[in-house]
Amino acid sequence: MSATTTSQPERVRVRKNFDQVAWTWMRYSAVLLIPLAWFHLVLQDVVVGVHKITTDYAIERMANMGWKIYDILLLGFAFAHGMNGVRQVFRDYIHNPKTFRAVSILLLIFWAVITAVGAVALLSINPAAQ
Amino acid sequence: MEIKLRVFRFNPEKDAKPHFDTFIMDVDPNDRVLDLLEYVKADFDSTLALRRSCAHGVCGSDAMRINGRNYLACKVLVKNLKSDTITVEPLLGLRVIKDLIVDMGPFFENFRSVLPYLINDDPLPADGRERLQSPEQRERFEDTTKCILCAACTTSCPSFWADERYVGPAAIVNAHRFIFDSRDTAAAKRLEILNQQIGVWRCRTAFNCTEACPRDIHITTAIAEVKKAINTGKLD
Amino acid sequence: MANIHQFDVIVVGGGGAGLMAALNASKTARTAVISKLYPVRSHTGAAQGGIGAALGNIEEDSPDWHTFDTVKGSDYLGDQDAIEFMCHEAVQAVLDLEHMGLPFTRTADGRIAQRPFGGHTNNVTGKPVRRSCYAADRTGHMILQTLYQQCIKNNTLFYDEFQVMDLLLVDGKAAGVVAVELATGELHVFHAKAVIFATGGHGRIWEITSNAYAYTGDGCAITARRGIPLEDMEFFQFHPTGIFKLGILITEAVRGEGGILFNAKGERFMEKYAPRIKDLASRDVISRAMYLETRAGNDVNGQRFFYLDVTPETVNKYADLDGRTRPDGTPYHVTAAEIMSKIPDIADFCLTYLGVDPTRQPIPVQPTAHYAMGGIPTDKYGRVVVDEKNTVLPGLYAAGEVACVSVHGANRLGTNSLVDLVVFGKHAGLDAAAYANGADFTPLPANPTELVDETIARFQNGSGKERVAKIGSELRAEMFDNVGVFRTQESLEHAVEKVKELRERYLQVKVTDSGKIFNMEMMQTWELGNMLDLALVTAVSALARTESRGGHARDDFPARDDVNWLKHTLAWMNGDQVTLGYKPVVITKYMPKERTY
Amino acid sequence: MSYMKTTLTGYAAYRGREGHWAFLLHRITGLGVVLFLAIHIVDTSFVYFAPQLYVDVINVYRSTIFGLGEIALVFCLFFHGVNGLRIAYLDLFAPKDWTIDKTRRSMLVALGISLVLWVPSAGWMLFNLLRHNYGLFGG
Ligand SMILES: Cc1cc2nc3c(=O)[nH]c(=O)nc-3n(C[C@H](O)[C@H](O)[C@H](O)COP(=O)(O)OP(=O)(O)OC[C@H]3O[C@@H](n4cnc5c(N)ncnc54)[C@H](O)[C@@H]3O)c2cc1C
Ligand code: HEM
Ligand code: SF4
Ligand code: F3S
Ligand code: FES
């Protein structure tokens, strides 16, 4: 073992930053999205196919508790992941901090509204009531 | 061999818009592109403006875009380009001042912003000798000490083209050089700076930087290590 | 009217010497650095091998041995007081660099690693000693970066890409400099109490050179035009191992790591010329040996080059023959990987420019113009001295390759230039600041930019019958053939005539670029003028010196002549007229002896 | 928007290699998918809010144009997913593997995997499309 006069601390504390959290979120959500998004896509678009999808089919599927949870997860993760992606892309090209703030807020509202619409629909569907 | 050399020209005092000049010349396949530009100055048009000094890839003056990619003109030989048309243009993402000369101001500003110097206010060893550092500790940051600040990396980065406030790969490389130096005490500060929105998170691993680096620095690795250090707080 | 700035100390040049001076001067005085290149582009960054200091980290060593080796290396023309000063200061200077953060390569116990280098010996055994402190093979790069980093830390003020074109002297004192801002073409006058020149060398006046395009000798030419003499200009070092045709340097460290030189017959020819330390002999000795081998027809393909072989097989074979051992006494055996780790950049140059992998094939090398021993005469505090009696010119300083202290005498030892930069850069900075703090501003002359304006007007109004590129290439060829490794009365006379003719023709050139912004053509035209001046001084000084010593080797006077020539040349320029004078060499402890390796 | 200009000219004027293509494709596919997803969430919610409209929507989806778009969408999600995993893996677990050789190769492997996944799916979807919309293959 060689002698050293190490000045460096073993560990440092770095204050959290939103972009950092977002970056980490993009990566971990990605892992979840592989089963969620791919399975959904393969099932609906490839295996079942749009020609077999009907209102009844949709209602039936959305009413199933297992699918309900699955779809909620998909909605939550995929759309949040995607919208943060869009935010990042805008961040690259919009330099005026005020404009970027405004755009971010619009994106946030857009995200909330769409997610709410999707969530309300998903949660409320109940074949017995139809 | 005969080649066609197309050179980007822009004279701010005369031209409203840049144009290309074309020179047909007989060259040796072992000539450097910098040699060709010197031939242009000697035999065709002495007004061509570019920066160069060492002519062997160590001073970082002559980074430019050659056939669409960033190189040091003195480090790429005609035969490496495998083409008999060679197009030479200034770096992207920095303002062109004249011909192949761009404004390096923003690049050096970004470099300065990451505290690129050793910070250690601890007392020196009592015997007045060197601070000890093991070969392994030294090796930890060897790769990033090689940077010659040529800007080939930063100006090939799509995130930098999009926003020149992004500190860019060169600045991160130089921060890395100190963050992982066992003699330094300010890693936390640098990580904090790079953890801002113009810091490492702008890197989308597009990898142009590493492809362009004339010193073969593993830039994307260095950036990834900095990201990791920010996330984990560990400096190993 | 030009822009006027005022500073206590102006440093001209942002290389190792300039930055070191600035760091030290700015501690107590308002300082600015003016550099025609961004500082990190300076030629210090090209230095590969290492910086010599008797740290004794690996084996016994002492600053006194370093002093003697330097004196001997200088062929006894170095001033011994200055050499002793430098070699003793070197140790602290290297430690200072380490404290500033320079990432030296390390030994297993964490200290600065050291390796052997040409001409550095254990004075008792006469064997090579490990004295060169290094950071892989980019020591200069690390020095330059480290100093620049420290300047950023200290908020040093830089005028980047400002080219100094004139020095202002008023009443025998420095008053400032005139510089052109390349980006705008505007002239700026820097009014200062002290001016430090650290503009580097002038190796571009030779055709095959390791030197950068920027090495056009601006500092020497500017001061010479203002009546300051140039010292020992006939001594220019030709490094034996430049890459064939390109001149790019292959550091001596390659031989330090065990590389061997071969001629066309496959003979290790240095055995003949330096039986004791062979391939690690001093540079002038090897370059001269190569010349003699060429004359004997032993060069490869009759193309004046030789092979430098660092393949592990060769290194190990000859290490065994020489009985070379590692510090722990085991035989010195290397692997390809080990060689690569010691000389990564050299390997890269060989691959890029020659397509040769040095761990498998030998490298074709030939002597390449490398280092100016001569320059602006100074004392050991960097103060410029202007006559045979060493009279100081108040407020004017020089350090680095542009200066002649003289610590390198007739031949510089490898690693000693970097020592020179940091030691004398530092002392010039300190002394200049101290001087400035005790002095008043010398008033500027009525029209400070007069000379520069005239020069620019001449370039713009030239007849255009002659071209810069043509004159430049003729100059370089003439100097390489006739004022190169070997010289004769005839070749030197030829060169003097030729340079005079070129100077005549130079008056006809015209700058075709009429713009102001980055008018590089204008600057290169001006630089050619500097090179013509220095070429003339070099050839005239060399013609007068009828002996062979260090870097100055005369075919017609092959012996060193201590009776008549143990003295420094001083050369004053006045147009085409060069006046020579001489001053004694300072000898303290070491009486001149025959120099054998 | 002069930066937009540098960016666009940059994309056009710089000859990036695998890493650059991966970045561009990842971005384009990501944006494509998110655009589709936004629409898709809304239209699916019609099942609840306006079941009548949902029928119309489904019919639009069944058109040839949308059919082809859907095939592209499947590619986008496959590539974005595989490449996203590649990036996430290297960033989080193997920063040292961000080397020239490995990056070039891993990008091509990612593209290869996406194609292997996509080609059969696309074939099947095309088959269904042709069958339903053009009555081919006995549809
Ligand atoms: C390839 C190579 C390898 C070498 N290896 C070694 C080695 O291993 N060990 C060793 O000890 N030495 C070595 N040397 C020698 C050593 O590197 C140089 O002598 C030394 O770096 C010179 O430093 P400097 O500070 O004097 O000049 P430089 O570093 O060249 O700086 C000159 C500065 O002056 C500026 N300048 C010049 N003209 C003007 C002007 N008109 N106006 C404004 N600014 C101007 C330039 O911009 C530059 O910043 C090597 C040299 C070469 C070429
Ligand atoms: C299938 C699994 C998925 C994986 C593995 C994945 C992975 C990733 C990763 C790692 C990033 C970050 C890229 C970077 O910062 O460089 C990212 C960005 C992005 N993702 Fe995904 N993603 C997936 C699904 C989706 C889906 C379903 C959408 C759309 C809703 C989407 C839209 C985006 C967008 C718009 C970006 C930003 C692109 C950019 O910054 O250039 N992704 N994805
Ligand atoms: S990291 Fe490489 S490309 Fe970037 S500035 Fe440094 S040397 Fe140049
Ligand atoms: S090109 Fe740019 S996006 Fe990252 S990997 Fe390099 S900095
Ligand atoms: S001229 Fe120095 S890097 Fe090309």
Side-chain angles (χ1 to χ4, degrees), chain A residues 23-24 26-31 33-35 37-38 40-42 44-59 61-63 71 74-75 78-79 81-86 88-89 92-95 110-111 113-126 129-130, chain D residues 1-4 7 26-27 30-31 33-42 44-49 51-52 54-55 57-63 66-67 70-71 73-74 76-78 80-82 84-85 87-89 91-92 117-118 120-125 127-129 131-133 139:
Chain A
W23 183 88
T24 314
M26 289 304 269
R27 267 135 258 262
Y28 285 111
S29 63
V31 178
L33 279 174
I34 287 283
W38 278 13
H40 175 84
L41 185 86
V42 171
Q44 308 297 2
D45 294 56
V46 184
V47 179
V48 177
V50 67
H51 293 93
K52 294 215 189 87
I53 293 177
T54 58
T55 314
D56 288 345
Y57 171 87
I59 291 178
R61 190 174 158 282
M62 286 158 78
D71 285 348
L74 180 60
L75 172 70
F79 199 56
H81 170 103
M83 285 309 284
N84 183 54
V86 172
Q88 287 181 6
V89 175
D92 276 357
Y93 303 117
I94 298 176
H95 298 156
F110 183 70
W111 170 76
V113 168
I114 301 274
T115 306
V117 167
V120 168
L122 258 177
L123 294 175
S124 318
I125 284 189
N126 177 348
Q130 294 286 312
Chain D
M1 285 310 269
S2 69
Y3 291 96
M4 198 69 182
T7 314
H26 194 79
R27 178 159 280 194
L31 291 175
V33 174
V34 80
L35 182 72
F36 170 81
L37 183 61
I39 299 170
H40 183 57
I41 294 172
V42 173
T44 307
S45 68
F46 287 168
V47 174
Y48 175 70
F49 293 113
Q52 250 343 87
Y54 187 68
V55 178
V57 169
I58 285 290
N59 281 329
V60 175
Y61 275 115
R62 286 178 180 165
S63 67
F66 267 72
E70 204 184 359
I71 294 178
L73 174 78
V74 171
C76 287
L77 198 66
F78 277 144
H80 187 93
V82 179
L85 277 187
I87 296 174
Y89 170 73
D91 274 349
L92 296 172
L117 292 170
W118 178 64
S121 315
W124 176 246
M125 288 166 80
F127 170 75
N128 273 334
L129 182 76
R131 201 159 61 117
H132 289 288
N133 287 15

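Order of the sequence lines sets the chain letters (A, B, ...), proteins ahead of strands, with each chain counted from 1.
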Kindly say whether D:I87 contributes a backbone atom to a donor-acceptor pair with the side chain of A:R27 at under 3.5 angstrom? no

Taking atom OH as the centre, does D:Y89 end up with more than 12 heavy-atom neighbours from other residues, nucleotides or ligands that are less than 6.0 angstrom away? no

Residue A:Y28 excluded, over 12 heavy atoms near OH under 6.0 Å: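 It does not: A:Y28 OH has 12 such atoms or fewer within range.
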
Please classify the contact between [X] and chain A as side chain, backbone, both or neither, with a heavy-atom cut-off of under 4.5 Å.
X	value
D:F78	both
D:V82	both
D:V33	neither
D:R27	side chain

Go through the steps for D:M125 and A:V50 under the test side-chain contact (heavy atoms from CB on, under 4.5 Å), then give the verdict. CA-CA 9 Å; D:M125 288 166 80; A:V50 67; over 6 Å; no

Contact part of A:M62 toward chain D, heavy-atom cut-off under 4.5 Å: side chain, backbone, both or neither? side chain

In terms of heavy-atom proximity below 4.5 Å to chain D, should A:W111 be classed as side chain, backbone, both, or neither?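 Contact with chain D: none, neither part.
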
[X] vs [Y] side-chain heavy atoms within contact, under 4.5 Å:
X	Y	value
D:V34	A:H81	no
D:Y48	A:V117	no
D:I58	A:T54	no

I need the [X] [atom1] to [Y] [atom2] distance, nearest 0.5 Å.
X	Y	atom1	atom2	result
D:H80	A:L33	NE2	CG	8.0 Å
D:E70	A:Q44	CD	CD	10.0 Å
A:D45	D:W124	CG	CH2	14.0 Å
D:Y54	A:I59	OH	CD1	9.0 Å
A:R61	D:T44	CZ	OG1	9.0 Å

Taking it one step at a time, do A:I53 and D:Y61 satisfy side-chain contact (heavy atoms from CB on, under 4.5 Å)? CA-CA 10 Å; A:I53 293 177; D:Y61 275 115; over 6 Å; no

side-chain contact (heavy atoms from CB on, under 4.5 Å), that's the test. Do D:L117 and A:W38 meet it? Break it down for me. CA-CA 11 Å; D:L117 292 170; A:W38 278 13; 3.8 Å; yes

Among A:V47, A:L75, A:D71, A:I34, which residue has the highest count of heavy-atom pairs closer than 4.5 Å to chain D? A:I34

Using the rule given for side-chain contact (heavy atoms from CB on, under 4.5 Å), can you reason through A:H40 versus D:L77, listing the C-alpha separation, both sets of side-chain angles and the distance that settles it, and then say yes or no? CA-CA 11 Å; A:H40 175 84; D:L77 198 66; over 6 Å; no

Which atom of D:A38 lies closest to which atom of A:I114, heavy atoms considered: O-CG2, 4.2 Å

